[in-house]
Engineer: 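My structure is below; once you've seen it, I'll send some questions.
In what follows, residues are counted from 1 in the order of the sequence shown.
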Amino acid sequence: MVKRQAYQPILITDAPRSQDDQLNSRQKRYVLMMAIRVACLVAGAILVGAKAPLLWFWLPLCALGMVLVPWLAVLLANDRPPKEEHRLANRFQNRRREEPAPTALTTQENPRKIIDAEP
């Protein structure tokens, strides 16, 4: 008897993002975070120039944004996608995917046929 292998489509959703796509995403995130830093700098300058009420509260927040945001921006820009958590588990999972799915059961594999055939 010849075993037929079931057709298993390749899912594009399982493919990792391309290097260019990852780089583009990280660059956009970096520029956005640096824009937030510039906004903190401008807001701090405006608050000092206008002698805003509660300056003791707003100025440290702006300073924190000017120091913390660039640090996070560099960390996130240099970040890469996480590695596969369990490389060994993924190898076994890929083997299971490669096994063909049964298309039809024979009389030997189908328990109903055996039960129905007996008197």
Side-chain angles (χ1 to χ4, degrees):
M1 186 182 269
V2 177
K3 281 189 173 182
R4 288 185 2 183
Q5 289 187 350
Y7 172 73
Q8 293 181 350
I10 298 171
L11 299 176
I12 192 67
T13 55
D14 291 341
R17 291 174 55 192
S18 70
Q19 294 284 339
D20 291 336
D21 189 27
Q22 291 175 18
L23 178 64
N24 191 19
S25 172
R26 291 194 318 252
Q27 286 174 339
K28 286 178 183 177
R29 189 176 357 167
Y30 181 81
V31 168
L32 177 68
M33 292 181 85
M34 286 295 123
I36 292 171
R37 179 187 188 200
V38 169
C40 286
L41 179 67
V42 170
I46 290 173
L47 287 171
V48 168
K51 296 184 182 177
L54 298 175
L55 187 61
W56 59 270
F57 177 73
W58 295 113
L59 204 55
L61 283 178
C62 290
L64 187 65
M66 288 185 292
V67 172
L68 188 62
V69 169
W71 177 70
L72 287 173
V74 169
L75 284 179
L76 293 174
N78 291 326
D79 193 20
R80 61 175 183 78
K83 289 183 179 180
E84 298 172 8
E85 288 183 22
H86 307 287
R87 291 182 184 178
L88 188 59
N90 287 337
R91 286 184 185 171
F92 290 126
Q93 186 179 13
N94 288 340
R95 285 185 187 169
R96 276 189 242 131
R97 285 184 185 173
E98 292 172 4
E99 292 176 4
T103 53
L105 296 175
T106 63
T107 14
Q108 295 172 352
E109 296 172 335
N110 193 345
R112 284 192 196 162
K113 291 269 185 176
I114 295 171
I115 293 172
D116 292 341
E118 295 178 11

Engineer: Is a side-chain N or O of Arg37 found less than 3.5 angstrom from the main chain of Met66, in a donor-acceptor match?
Structural biologist: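 Flag set: sc Arg37 to bb Met66 pair under 3.5 Å.
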Engineer: Could you walk me through whether Leu47 and Cys62 pass side-chain contact (heavy atoms from CB on, under 4.5 Å), step by step?
Structural biologist: CA-CA 10 Å; Leu47 287 171; Cys62 290; 4.2 Å; yes
Engineer: For Ala77 and Arg26, work out which heavy atoms get closest and say how close.
Structural biologist: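 Closest approach of Ala77 to Arg26, heavy atoms only: O-NE, 2.7 Å.
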Engineer: Should Val74 and Trp71 be regarded as members of a common hydrophobic cluster, given that ILVMFWY residues are connected when their side-chain heavy atoms come within less than 4.5 Å of each other, either directly or indirectly?
Structural biologist: no
Engineer: Grouping I, L, V, M, F, W and Y whenever their side-chain heavy atoms are under 4.5 Å apart, do Leu76 and Leu32 come out in a common cluster?
Structural biologist: no
Engineer: Are Val67 and Met33 in one and the same hydrophobic cluster, where Ile, Leu, Val, Met, Phe, Trp and Tyr link if side-chain heavy atoms are under 4.5 Å apart?
Structural biologist: no
Engineer: Tell me who clusters with Leu23, hydrophobic residues only, linked when side chains sit under 4.5 Å apart either directly or through other members.
Structural biologist: none
Engineer: Let me check something: do Leu72 and Ile36 share a hydrophobic cluster, defined by ILVMFWY side-chain heavy atoms less than 4.5 Å apart, either directly or through other members?
Structural biologist: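 Leu72 clusters together with Ile36.
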Engineer: Enter the distance from Leu68:CG to Leu61:CG here, rounded to the nearest 0.5 Å.
Structural biologist: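 Taking CG in Leu68 and CG in Leu61, the distance rounds to 11.5 Å.
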Engineer: Mind checking side-chain hydrogen bond (donor to acceptor under 3.5 Å, both in side chains) for Asn78 and listing every partner two or more places apart, or none if nothing turns up?
Structural biologist: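 Partners of Asn78 by the side-chain hydrogen bond (donor to acceptor under 3.5 Å, both in side chains) criterion come out as none, since no residue qualifies.
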Engineer: Decide whether Leu64 and Phe57 are clustered together by the hydrophobic rule: side chain heavy atoms of Ile, Leu, Val, Met, Phe, Trp, Tyr closer than 4.5 Å, transitively.
Structural biologist: no
Engineer: Which heavy atom of Pro70 sits nearest a heavy atom of Gly65, and at what distance?
Structural biologist: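 So the two residues come closest at CD-O, 3.7 Å.
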Engineer: Do you know the tightest heavy-atom contact between Leu59 and Val48?
Structural biologist: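 Where Leu59 meets Val48 most closely, the heavy atoms are CD1-CG2, 3.7 Å.
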